[in-house]
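Shown next, in structure tokens, is the structure this report addresses.
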Amino acid sequence: MHEPELHDLSDDADYAASIQQGSASISQNESRRQSTSNEPDGAEIVYTKDNVTIHPTQYASERISGRLKLIKQGNALFMTWIPYKGQTSNARLSEKDKNLYTIRAVPFTDIRSIRRHTPTLGWQYIIVVMSSGLAFPPLYFYNGGVREFLVTIKQHVSLVRSAEDANVFLVNDFQSPLQRTLSSLELPRAVPVANVSSSTADHSPSSADIERLESDKSSASFNQNSRQRQKNHDPARDLSIQVLEKFSLVTRFARETTSQLFRESHLIDGFNPNEGKKHGQSSASYNHIQSSIDSPKYHDEVSVPSDPIEFDKISLVWGKPRQSPLGQQEWATFLDAEGRVMDSKALIKRIFYGGLEHNLRKEVWTFLLGYHAYDSTYAERDYLMSVKKTEYDTIKKQWQSISPEQAKRFTKFRERKGLIDKDVVRTDRSLSFYDGDDNPNVYLLRDILLTYSFYNFDLGYCQGMSDLLSPILYVMRDESKSFWCFVSLMERLGPNFNRDQSGMHSQLFALSKLVELLDLPLHDYFKQNDCLNYFFCFRWILIQFKREFEYDKTLLLWEVLWTHYLSEHLHLYVCVAILKRYRNKIMGEQMDFDTLLKFINELSGQIDLDATLREAEALCICAGENGEASIPPGTPPSLPLEDASVYPQLDDDVL
Amino acid sequence: MSYAYLFKYIIIGDTGVGKSCLLLQFTDKRFQPVHDLTIGVEFGARMITIDNKPIKLQIWDTAGQESFRSITRSYYRGAAGALLVYDITRRETFNHLASWLEDARQHANPNMSIMLIGNKCDLSHRRAVSTEEGEQFAKENGLIFMEASAKTAQNVEEAFIKTAATIYKKIQDGVFDVSNESYGIKVGYGGIQGPSGGRDGNSSQGGGCCS
């Protein structure tokens with residue numbers, strides 16, 4: 001099949017051109033003393049640091065090292081970062097890449113803020129955010145020296161710590177941050193990407209677009225009069241979304257900044273449609289947003305090569321890097337002497353970013369699923385388990401005691417048992433834990449599902465449940481414990497299996513709203529092509545991506561989702577992240593419903609989980625309150641609303 | 001891979017009647033008793049030849065459980081052929097045929113060719129539906145009928161190809177407007193216009209295999 005060539009502005013040559021143009025206009029406007037060298041005339045170097053490095057991709061092996069300098073000229077302070085010549089850690093990074101990232105004499109009057117990040121493990125880095133709203137990629141200080149860097153700056157220009165975040169240092173902050181933020185959002189209303197929805201494979205804006213963007217940027221930076229214009233204009237939503245799209249065309253550094261701007265505009269104008277809604281996460285999520293802005297690297301969408309696997313490899317990621325899984329030793333530090341989890345919030349956050357080592361899952365999943373309370377002691381948990389074991393056995397007896405004679409007169413039981421019997425032998429049998437004839441674990445699956453169908457007789461059994469139970473039993477290796485963990489999970493996911501599909505419909509509906517919010521062109525495309533029912537994401541949601549990833553990856557994804565750290569609905573952002581990743585291909589090839597369904601189905605096993613999670617996280621943060629407002633209250637996996645016994649029933653023709 | 005036509009097929013019927021196994025037997029010529037149950041839909045494809053023309057079958061294998069019906073209905077759109085499958089050893093799967101048929105009639109193109117398949121005819125010792133009953137149902141509803149076994153491969157090839165031959169004939173007879181994709185037919189590069197002979201190429205004329 002012929003693959004159309006797709007381009008966008010993350011194409012390096014275009015990007016380099018825009019950067020060069022941008023820096024030229026900056027120095028022209030600023031100093032009026034145009035210099036051809038990287039260091040202005042009569043300059044004094046007040047700070048220099050070697051081995052300051054950027055990581056252009058997610059791979060630590062690919063990095064560009066250089067020298068960072070602060071240069072004083074008259075009253076003006078400039079920053080430069082020049083990569084070393086001829087040293088490339090990886091063949092994939094060309095001289096062009098180096099040129100692309102070079103920072104040439106940026107005057108501090110153009111810098112809005114510097115964010116410092118000093119992790120306890122790993123390298124310190126900074127992110128320099130321009131007043132235009134653009135940010136340079138994180139600069140890693142391999143030899144330390146961030147503090148010295150900031151101290152030196154402070155000696156020459158005004159540098160104040162942000163009241164909002166102790167790690168942010170505002171440069172020349174004479175004005176209110178509001179004005180600066182809004183001025184940097186001074187963008188034309190017509191957003192090029194918004195127009196490509198149904199058009200051709202070529203998504204690259206013309207060079208005229210680039211020029212316009214560039215001149216917009218510099219006028220925003222330098223035209224004092226224009227700063228007020230946008231101020232009263234718009235609620236955060238429109239701005240942010242447009243900015244998101246707009247900047248993503250201009251630069252691969254933009255998204256981070258955009259999400260920050262988005263956040264700030266929320267903070268400032270108090271546009272909070274979600275205020276009345278209980279979700280108890282807002283303070284935590286702001287902290288999180290703050291830290292996630294630190295994301296050391298992320299990337300723009302690139303054109304889609306023919307092979308999705310290849311695409312995953314080179315795909316450029318934003319959002320916070322994933323951590324290593326939580327291990328036994330670290331887990332012990334979360335517990336007090338009697339086994340209580342002392343700081344469940346910290347634990348949740350840790351699991352969100354790293355997941356769990358496999359041998360810990362057995363213990364920790366019981367908390368994540370809500371079977372055990374975080375503040376329970378070892379003794380309390382042991383007691384609960386023994387009580388629950390008895391309870392399980394009692395429920396199990398209910399169907400075990402049905403005699404063949406009784407079964408003859410009990411159609412519903414026979415049907416359920418028949419379905420379950422048929423399905424457990426078709427569940428993960430390629431896994432050694434479930435393979436072979438007369439595998440006792442397959443019988444356990446059956447017993448637990450049948451017992452559940454008695455415990456929750458109204459819901460009964462539906463296909464997909466065995467997919468949800470299989471990993472739980474695989475992890476727990478205990479019948480009663482698996483049953484109760486499954487019960488806890490089904491408290492949230494049960495509506496996925498409502499006979500009228502209302503739980504699924506409400507999630508697919510929320511997903512369509514999120515795509516509308518986060519990728520309007522893609523939404524419009526789906527609308528035009530009669531794909532708004534989002535049935536192509538049905539399997540993803542029904543069984544939480546279990547068929548899309550390898551088994552162990554699914555375990556990781558699930559524990560991340562179960563933290564509900566950023567949102568109870570992170571799974572929907574995962575959907576958006578995957579769709580966004582392939583949006584160019586979907587729209588470029590003009591996929592219709594059938595083709596799209598087949599394409600999505602065939603992504604199974606080809607999706608990079610870590611990258612997807614990072615993007616989902618970033619999207620969730622970007623969407624912020626508007627995202628949560630797009631998801632109707634009670635949408636699974638939220639716990640059911642107190643008063644509402646059913647989920648909103650949506651008409652088929654709406655979906 | 002060039003083809004004269006591409007036909008979209010959909011396989012429907014109760015859960016556990018062997019839809020996925022029929023597909024796998026047809027596309028891969030193997031029987032895999034242990035496979036994961038179908039959630040939503042799975043896809044398969046194979047090239048066949050009818051009247052010396054290469055035809056690609058794109059086959060949609062759907063989930064059978066009742067609660068997924070509302071989703072399954074969206075898959076009918078643009079299907080040129082359907083395989084409606086029941087399990088000859090489970091009476092209830094036969095009893096549900098009427099409701100499957102109703103779905104198909106309501107949501108598919110009225111010219112869709114439907115093949116009724118009584119699967120698992122290798123298990124004749126556990127037969128719960130006679131061949132005559134299958135034939136009778138097919139006759140009453142204007143379906144083509146065959147008993148087949150995904151396990152032994154008996155009549156599997158024939159079922160898929162005979163359906164294709166029926167569709168092909170409809171094209172030759174001008175029943176289908178092949179330029180309109182809602183009929184579930186796409187014309188490929190090797191497409192040849194005009195009726196050049198109406199006889200089925202490969203198709204078997206056999207009816208029940210296990211009577």
Side-chain angles (χ1 to χ4, degrees), chain A residues 1 411 414-415 418-419 421-431 434-437 439 442 459-464 466-467 470 496-502 504-505 508 530-531 533-543 546-547 592-595 597-602 604 652 655, chain B residues 1-3 6-10 14-21 32-45 56 58-80 87 89-93 95-96 107 181-182 184-186 188-189:
Chain A
M1 203 156 46
T411 310
R414 284 200 320 274
E415 279 176 4
L419 265 178
D421 279 338
K422 274 202 163 300
D423 286 353
V424 291
V425 297
R426 298 190 288 170
T427 303
D428 294 325
R429 297 298 296 284
S430 56
L431 214 68
Y434 291 114
D435 75 0
D437 294 335
N439 185 321
V442 174
L459 190 61
Y461 170 77
C462 180
Q463 287 188 337
S466 65
D467 274 272
S470 153
N496 284 12
F497 303 100
N498 285 353
R499 285 185 73 79
D500 61 1
Q501 294 286 306
S502 55
M504 285 302 297
H505 279 310
L508 294 170
D530 214 3
C531 295
N533 61 25
Y534 279 83
F535 282 172
F536 47 87
C537 296
F538 179 81
R539 188 173 75 186
W540 291 0
I541 292 176
L542 184 83
I543 50 173
K546 169 144 179 301
R547 301 283 182 97
D592 60 9
F593 178 81
D594 282 14
T595 315
L597 188 70
K598 189 162 181 287
F599 173 71
I600 297 279
N601 242 44
E602 286 164 0
S604 172
D652 270 355
L655 288 165
Chain B
M1 204 158 44
S2 74
Y3 51 81
L6 184 149
F7 297 164
K8 173 179 169 180
Y9 275 21
I10 178 168
D14 275 11
T15 179
V17 297
K19 297 182 292 298
S20 302
C21 288
Q32 193 182 0
V34 174
H35 64 92
D36 283 355
L37 64 102
T38 307
I39 301 282
V41 64
E42 298 284 350
F43 294 87
K56 182 174 179 178
Q58 188 195 76
I59 304 151
W60 294 45
D61 169 31
T62 67
Q65 196 177 344
E66 175 68 26
S67 25
F68 297 139
R69 284 280 188 103
S70 66
I71 306 289
T72 311
R73 285 182 192 121
S74 68
Y75 304 148
Y76 285 103
R77 185 167 52 180
D87 174 354
T89 70
R90 283 195 296 145
R91 182 91 204 163
E92 68 272 19
T93 66
N95 295 340
H96 294 155
H107 299 278
E181 285 191 2
S182 72
I185 296 160
K186 284 181 186 168
Y189 295 109

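Proteins get letters first, then strands, A, B, ... in listed order; numbering begins at 1 in each.
- In this structure, A:Q501 contributes its side chain and B:S67 its backbone to a donor-acceptor pair below 3.5 Å.
- Proximity to chain B (any heavy atom under 4.5 Å) is shown, for A:S604, by neither the backbone nor the side chain.
- B:I39 and A:I543 get closest at one heavy-atom pair: CG1-CD1, 4.1 Å.
- For the ring pair (Phe, Tyr, Trp, His ring centres under 6.0 Å) test, residues two or more places apart in sequence or in another chain that qualify with A:F536 are A:F526, A:Y534.
- Proximity to chain A is absent for every atom of B:R69, based on heavy atoms less than 4.5 angstrom apart.
- Looking at residues two or more places apart in sequence or on another chain, you find a side chain to side chain donor-acceptor pair (under 3.5 Å) between B:W60 and B:Q58.
- When every heavy atom of B:S70 is checked against every heavy atom of A:H505, the shortest pair comes out as OG-NE2, 4.3 Å.
- Between A:D530 and B:R77 the shortest side-chain heavy-atom distance falls below 4.5 Å.
- The contact between A:D423 and chain B is made by backbone and side chain atoms together, counting heavy-atom distances below 4.5 Å.
- Interface remark: A:L597 contributes backbone and side-chain atoms alike to the contact with chain B (heavy atom separation under 4.5 Å).
- Note: A:C462 SG to B:E66 CD = 10.0 Å, rounded to the nearest 0.5 Å.
- Inter-residue side-chain proximity for A:R426 and B:T15 is flagged as met; some heavy-atom pair is nearer than 4.5 Å.
- A distance of 5.0 Å separates CZ of A:R539 from CD of B:E42, quoted to the nearest 0.5 Å.
- Looking at A:K422, the atoms closer than 4.5 Å to chain B (heavy atoms on both sides) all sit in the side chain, from C-beta outward.
- The two residues A:F593 and B:S74 make their nearest non-hydrogen contact at CE2-O, 3.9 Å.
- For the set A:R499, A:E602, A:R547, A:R429, the count of heavy-atom pairs under 4.5 angstrom toward chain B peaks at A:R547.
- One finds the CD1 atom of B:I71 at 6.5 Å from the CG atom of A:L508 (value rounded to the nearest 0.5 Å).
- Contacts between A:D428 and chain B at a heavy-atom distance below 4.5 Å involve backbone atoms as well as side-chain atoms.
- With contacts defined as side-chain heavy-atom distances shorter than 4.5 Å, the pair A:T427/B:L37 qualifies.
- Distance CG/A:L419 to CD/B:Q65: 5.0 Å, rounded to 0.5 Å.
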